[in-house]
Protein chains: 2
Amino acid sequence: ASTMTLGDKQQKEEAVGGSATAAGSSQKAKEVVSYWGVQPPKVTKDDGSEWKWNCFRPWETYQADLSIDLHKHHAPTTFLDKFAYWTVKSLRFPTDVFFQRRYGCRAMMLETVAAVPGMVGGMLLHCKSLRRFEHSGGWIKALLEEAENERMHLMTFMEVSKPKWYERALVFTVQGIFFNAYFLAYLASPKLAHRITGYLEEEAIHSYTEFLKELEKGTIENVKAPAIAIDYWRLPADATLRDVVMVVRADEAHHRDVNHFASVTDVHYQGLELKDSPAPVGYH
Amino acid sequence: ASTMTLGDKQQKEEAVGGSATAAGSSQKAKEVVSYWGVQPPKVTKDDGSEWKWNCFRPWETYQADLSIDLHKHHAPTTFLDKFAYWTVKSLRFPTDVFFQRRYGCRAMMLETVAAVPGMVGGMLLHCKSLRRFEHSGGWIKALLEEAENERMHLMTFMEVSKPKWYERALVFTVQGIFFNAYFLAYLASPKLAHRITGYLEEEAIHSYTEFLKELEKGTIENVKAPAIAIDYWRLPADATLRDVVMVVRADEAHHRDVNHFASVTDVHYQGLELKDSPAPVGYH
Ligand SMILES: [Fe+2]
Ligand SMILES: [Fe+2]
Ligand SMILES: [Fe+2]
Ligand SMILES: [Fe+2]
């Protein structure tokens, strides 16, 4: 395991002042970093070199469980299930038309959306836990972990495919709409919201499988895996984009399970609430 | 360290069906838990007994750093600082009047509010990171960790002081107002929002110091520490409420540092953005 050494906390009271001065000088940056005595911990890799990622730490990395069943599907039976299923299916058509076979771009764009449900759910459950003076059963953490994991997918695909200005604009709009829609859906029925996410994850698995086919055919070049992916999923140094898509797809299968599980265990079903079933925290 | 043994994942496809049946039977509960193959990991304590908390895990517990300076104060200099300072000071007056010397109740009630800023900030930075295809510098995690830590404060004080129905109603209202107000403040100026939180934490330290004085005088009974607090802060088995208030106060001092630090490093200051300074992740 990697080691973390907390530098001596400099209790540097000296204020950096209120008015802005010349930016960017390294002396100034150093002062800002030690301001209020908060010294960033020095994190190193196994080989002693400096850990280069601030957005995740060595102890958050993992090896994906590639043995997970990719074909599991929740057959919609209730009206709610069918509504969730057809909502997702109807979103897929315009997506297919827009991206065609550009799976790298598609992955990058869709991950900006995929990271929303976990954050919305986690935030709402957090507020509910506070309001009701109730334990969460670990669901807040499980959903926030999912959101973070999806954000890491985005940070990875960003390295492979760079967004153009109109794609940025599109993401801006889609996030605005999707965040609010999912927020309202979650308020109305967490059961429905998790079911929708479950089906979205099933679609994600499908789209990564298509991505893999293109990589194998050679229509998409199997480039070297980005450094961030190698560190995050503990991949070998010579890993390729194909390996990355494999582990990301396994992640999506895990999210599918968590969300279909959450949908089943939620309120209105057998009088259970999410908090009554321990959440799959750290489920990869 | 405690061990976690992942039980064999039962890939139990068998659907639990759509229509609700008799609730509460343990057989049924077991099926729900293993639905979608998500088997909760079996977590044990050092002594081999079962870990009883779903809302936090053994590897998230810590020993608070009681040596932190409790008197550090950011002297407001800029207009923004002064605005934040007087906003917090003006909120303190009605709070003092409402709670008088009932510090147990006060702690419980205020922790429902204290857990909001970290969640709002973390959520907004998460969405920003997605929208802009940018790394977060660890700030999303640092702020969500703060929110979780505050929620644990609440879970602890709940065990000491039970909320009455009108207190629940008050929390409901205050959360509705504060969440939205802080959300808007954070959108307008993260710098202001973090400064406000920094000052709120300074007030929290003060109020826990008063709590300690009452405990020492004997006007509030120094009861046994709740079990959740003993596990969360790794306190000795015979710890008392006084020990709990000590570690909670140290937590508040850490939050104060993180937020004043965030306020200084944020946008508009020397052209820096939060993401450019590594966040104090895991700072206790
Ligand atoms: Fe994803
Ligand atoms: Fe996903
Ligand atoms: Fe607190
Ligand atoms: Fe706090």
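Numbers restart at 1 for each chain; the letters A, B, ... are given by sequence-line order, proteins then strands.
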Using non-hydrogen atoms only, which part of [X] is less than 4.5 Å away from chain B: side chain, backbone, both, or neither?
| X | answer |
| --- | --- |
| A/Glu150 | neither |
| A/Ile228 | side chain |
| A/Met158 | side chain |
| A/Ala142 | neither |

Check: A/Trp53 main-chain N/O paired with B/His135 side-chain donor or acceptor under 3.5 Å: no
Is there a donor-acceptor pair closer than 3.5 Å between any side-chain N or O of B/His126 and the backbone N or O of A/Ala115? yes
Any chance you could measure [X], atom [atom1], to [Y], atom [atom2], to the nearest 0.5 Å?
| X | Y | atom1 | atom2 | answer |
| --- | --- | --- | --- | --- |
| B/Arg131 | A/Arg168 | CZ | CZ | 12.0 Å |
| B/Glu148 | A/Ser136 | CD | OG | 8.0 Å |
| B/Met119 | A/Leu124 | CE | CG | 9.5 Å |

Any side-chain heavy-atom pair from [X] and [Y] closer than 4.5 angstrom?
| X | Y | result |
| --- | --- | --- |
| A/Lys141 | B/Arg57 | no |
| B/Arg151 | A/Ile140 | yes |
| A/Met108 | B/Phe133 | yes |
| B/Leu154 | A/Leu130 | yes |

Atom CZ of B/Phe83 with >12 non-hydrogen neighbours under 6.0 angstrom: no
Is it true that atom OH of A/Tyr62 has more than 12 heavy atoms of other residues, nucleotides or ligands lying nearer than 6.0 Å? yes
Bottom line for B/Phe179: the part with an atom under 4.5 Å from chain A's heavy atoms is side chain
Nearest heavy atoms of B/Gln175 and A/Cys127, plus distance in Å: NE2-O, 3.2 Å
